[in-house]
Amino acid sequence: MGRPRRHRLTWAMMRSARRNQAIDLDGRVLMMNHAQSQPPLADAHIHLFADSFSLELRERHPEGELAQYEGLRSTYGIEDALVIGFEGDPRFAGNNAYILGLAAGRSWLHPVMYVDESTNSDRAAALLDRGYEGISLYVEPSRCASTGWMGWANEIFALADARRSILSINAPAATHATIAELAGRHPRARILLGHLGLPGVAPAPDSARLAATRDLVLNHPCWIKLSGTYACARPCDQDPHTASSAWMHWLLESVGTDRLIWGSDFSPALAHMTYQQTIALPPLQTLPPTAQTNIYGATLRRLLASGHQGQ
C-alpha cells in the first residue's frame with residue numbers, strides 16, 4: 001500500500017504547539033477542549049523499542065524513541081501512555097523486559113506485555129505479577145482458526161477475566177467472530193481493540209465483511225482505540241484520515257463516546273503521518289467537551305484505576 005503524504009510543518013508552527021495544543025491538518029493551531037482546565041491527554045497505544053521501530057525513524061530521531069516521546073509529552077501535555085509490548089518480530093525480542101524496565105520511576109508509563117502461544121497462562125500470570133498493566137495480543141486469521149490456538153487464547157482471556165486486566169488486541173476483521181466468542185465467555189476481560197478494530201482499507205460501515213466487527217463492538221464488552229487511521233488509507237489519499245472517516249463516524253454514533261479511546265500508535269504511525277495528525281482526528285473536533293475529555297484520556301484513566309483497585 002502506498003504511503004500517505006505527511007503534511008509539512010514549519011519550525012515556527014512546531015514551536016507554537018505548546019502544552020495542551022495540537023496542529024490541525026492545515027497547519028493551524030487547534031486548541032483542544034482539554035486545554036480549558038480539563039484533564040491532560042492519555043495515549044492508549046504507543047510502542048517503545050530500544051533500537052527504534054525502523055532505520056528510517058532511528059535516523060530521523062537519533063536521540064531514541066523514549067527521549068522523543070518525552071518531548072511529545074511535554075509539548076502536548078500527555079500524562080499517561082499505554083505502552084504496547086511487541087515481540088512478534090526477531091528485531092524486537094526482549095521488548096517486554098525493556099518496557100517494564102522503563103516503567104520503573106516513570107509513573108506515566110503503563111506497560112502491556114506481549115504474549116503468543118509460547119507463553120502459557122501460568123507464565124503470563126507470573127509476568128502480570130511483575131507489574132504489567134495487562135496483556136498485548138496480536139491475532140492472525142491463519143492461526144485463530146486452529147483448535148490449539150483457540151485453547152491457548154481461551155486460557156489467556158480467562159486470565160484477563162480473573163485479573164480484570166487490560167487485554168490490548170490487534171486483530172483484523174476476519175478474526176472478530178472468534179474474538180467475540182472469547183469475549184462472550186470472559187466478559188470481565190477489559191478488551192481494547194487497536195487501530196479502529198483494523199477494519200481494512202476504506203471501510204464501509206455497512207459492509208458485509210464487517211458484520212462480525214459490528215457484532216463484536218456492539219454486543220460485547222470492549223473499547224475501541226482511535227488509532228492507526230493510516231492503515232485504512234488508500235494509495236491515492238493525501239489525507240491519512242479520509243478513508244477512515246465514515247467508519248469513525250459510525251463508531252461515534254453506534255458504539256458511543258464512552259467506549260472510544262484515543263491512541264497515537266507512536267512511533268510506527270510517524271512513518272505515515274505527523275504526531276499532530278494522530279491527535280487531530282476530524283470527526284472528534286465537533287464533539288462536546290465532555291466527550292472529547294473522555295476519548296482523549298479520562299476513559300483510559302478510569303480503566304487503569306479500576307485495574308489497580310482490582311474491580
Side-chain angles (χ1 to χ4, degrees), residues 43-70 72-73 81-106 108-146 148-157 159-160 163 165-172 175 179 189 191-195 198 225 227-228 230-231 263-272:
D43 193 337
H45 196 107
I46 80 166
H47 297 279
L48 292 172
F49 296 107
D51 199 30
S52 297
F53 177 69
S54 68
L55 176 61
E56 176 191 355
L57 293 174
R58 184 166 70 247
E59 289 176 343
R60 282 163 49 189
H61 292 279
E63 72 274 23
E65 290 184 343
L66 177 63
Q68 182 188 1
Y69 195 78
E70 288 279 22
L72 292 169
R73 288 185 60 239
L82 205 61
V83 184
I84 309 303
F86 181 69
E87 297 186 0
D89 185 300
R91 293 179 299 152
F92 306 129
N95 188 239
N96 279 346
Y98 176 68
I99 62 174
L100 185 63
L102 293 181
R106 295 182 176 91
W108 62 268
L109 195 160
H110 308 280
V112 177
M113 65 185 190
Y114 173 85
V115 299
D116 59 20
E117 288 173 86
S118 68
T119 312
N120 63 34
S121 58
D122 289 340
R123 172 62 176 159
L127 287 171
L128 283 176
D129 289 339
R130 294 180 58 190
Y132 292 98
E133 293 283 354
I135 298 167
S136 166
L137 188 64
Y138 285 72
V139 185
E140 296 291 338
S142 60
R143 294 297 303 144
C144 74
S146 72
W149 184 91
M150 191 66 173
W152 169 78
N154 188 62
E155 293 182 356
I156 296 298
F157 271 71
L159 174 62
R163 297 287 189 95
S165 294
I166 286 174
L167 188 54
S168 178
I169 300 178
N170 275 34
T175 69
I179 300 301
I191 298 169
L192 276 55
L193 288 178
H195 305 342
L198 289 175
K225 298 181 189 180
S227 61
Y230 64 87
S264 70
D265 193 29
F266 175 91
S267 66
L270 301 187
H272 307 273

**Q** Verify, without hydrogens or angle tests, whether N96 (side chain) and Y114 (backbone) share a donor-acceptor contact under 3.5 angstrom.
**A**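 Flag set: sc N96 to bb Y114 pair under 3.5 Å.
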**Q** Can you check side-chain contact (heavy atoms from CB on, under 4.5 Å) on T119 and M113, steps first, answer last?
**A** CA-CA 11 Å; T119 312; M113 65 185 190; 5.9 Å; no
**Q** Hey, does Y98 have a side-chain heavy atom less than 4.5 Å from the side chain of D51?
**A**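 Side chain of D51 against side chain of Y98, heavy atoms only: no contact under 4.5 Å found.
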**Q** Do R143 and E117 touch side chain to side chain, with heavy atoms closer than 4.5 Å?
**A**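 SC-SC contact between R143 and E117 confirmed.
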**Q** Less than 4.5 Å apart, any side-chain heavy atom of Y230 and any of P268?
**A**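 Yes - at least one pair of side-chain heavy atoms lies under 4.5 Å apart.
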**Q** Verify side-chain contact (heavy atoms from CB on, under 4.5 Å) between Q68 and L270, making sure each step is shown before the conclusion.
**A** CA-CA 12 Å; Q68 182 188 1; L270 301 187; 3.3 Å; yes
**Q** For the atom pair CD (E65) and NE2 (H47), what is the distance rounded to the nearest 0.5 Å?
**A**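 Interatomic distance, E65 CD to H47 NE2, rounded to 0.5 Å: 9.5 Å.
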**Q** Which atom names give the shortest non-hydrogen contact between V139 and A171, and what distance separates them?
**A**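 Taking every non-hydrogen atom into account, CB-CB, 3.8 Å.
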**Q** Looking at every heavy atom in both W152 and L137, which two are closest together, and how far apart are they?
**A**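 Here W152 and L137 meet closest at CH2-CD1, 3.3 Å.
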**Q** Would you say the side chains of S227 and D265 form a donor-acceptor pair under 3.5 Å?
**A**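 No, because no side-chain N or O of S227 sits under 3.5 Å from a partner of the opposite role on D265.
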**Q** For R130, does the CZ atom have more than 12 heavy-atom neighbours from other residues, nucleotides or ligands under 6.0 Å away?
**A**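 Atom CZ in R130 is not crowded, with 12 or fewer foreign heavy atoms closer than 6.0 Å.
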**Q** Nearest 0.5 Å please: distance from the CZ atom of F49 over to the CG atom of L66.
**A**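 Taking CZ in F49 and CG in L66, the distance rounds to 13.5 Å.
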**Q** Rounded to the nearest 0.5 Å, how far apart are CZ of R123 and CG of L127?
**A**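 Rounded to the nearest 0.5 Å, the CZ-CG separation comes out at 4.0 Å.
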**Q** Could you check whether any side-chain N or O of N170 sits under 3.5 Å from a backbone N or O of Y138, counting only pairs where one atom can act as donor and the other as acceptor?
**A**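 Looks like no, no N/O pair under 3.5 Å.
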**Q** Is the shortest heavy-atom distance from the side chain of F266 to the side chain of L72 under 4.5 Å?
**A**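 Yes. Closest side-chain heavy atoms under 4.5 Å.
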**Q** When rounded to the nearest 0.5 angstrom, what is the spacing between CG in L128 and CG in L159?
**A**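 Answer for the CG-CG pair, L128 versus L159, is 5.5 Å.
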**Q** Quick one: does D43's side chain get under 4.5 Å of Y69's, heavy atoms only?
**A**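 SC-SC contact between D43 and Y69 confirmed.
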**Q** Is the shortest heavy-atom distance from the side chain of L82 to the side chain of L192 under 4.5 Å?
**A**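 Side-chain contact under 4.5 Å: yes.
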**Q** What residues, two or more places apart in sequence or in another chain, satisfy side-chain contact (heavy atoms from CB on, under 4.5 Å) together with L109?
**A**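 If we apply the side-chain contact (heavy atoms from CB on, under 4.5 Å) test to L109, skipping adjacent residues, the hits are L48, V83, L102, A103, R106, P111.
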**Q** Would you mind reporting whether E70 and W108 have side-chain heavy atoms less than 4.5 Å apart?
**A**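 They are in contact (side-chain heavy atoms under 4.5 Å apart), so the answer is yes.
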**Q** Can you tell me if S52 uses its side chain to pair, donor with acceptor, with the backbone of L57 under 3.5 Å?
**A**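 Flag not set: sc S52 to bb L57 has no pair under 3.5 Å.
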**Q** Would you compute the distance between atom CD of E140 and atom OG of S146 and round it to the nearest 0.5 angstrom?
**A**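 Separation between the atoms: 12.0 Å.
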**Q** Could you tell me the separation between the CD1 atom of I166 and the CD1 atom of I191, rounded to the nearest 0.5 Å?
**A**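 That separation rounds to 12.0 Å.
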**Q** Taking the side chain as C-beta and beyond, is there a heavy-atom pair between I169 and K225 under 4.5 Å?
**A**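 They are not in contact (no side-chain heavy atoms under 4.5 Å apart), so the answer is no.
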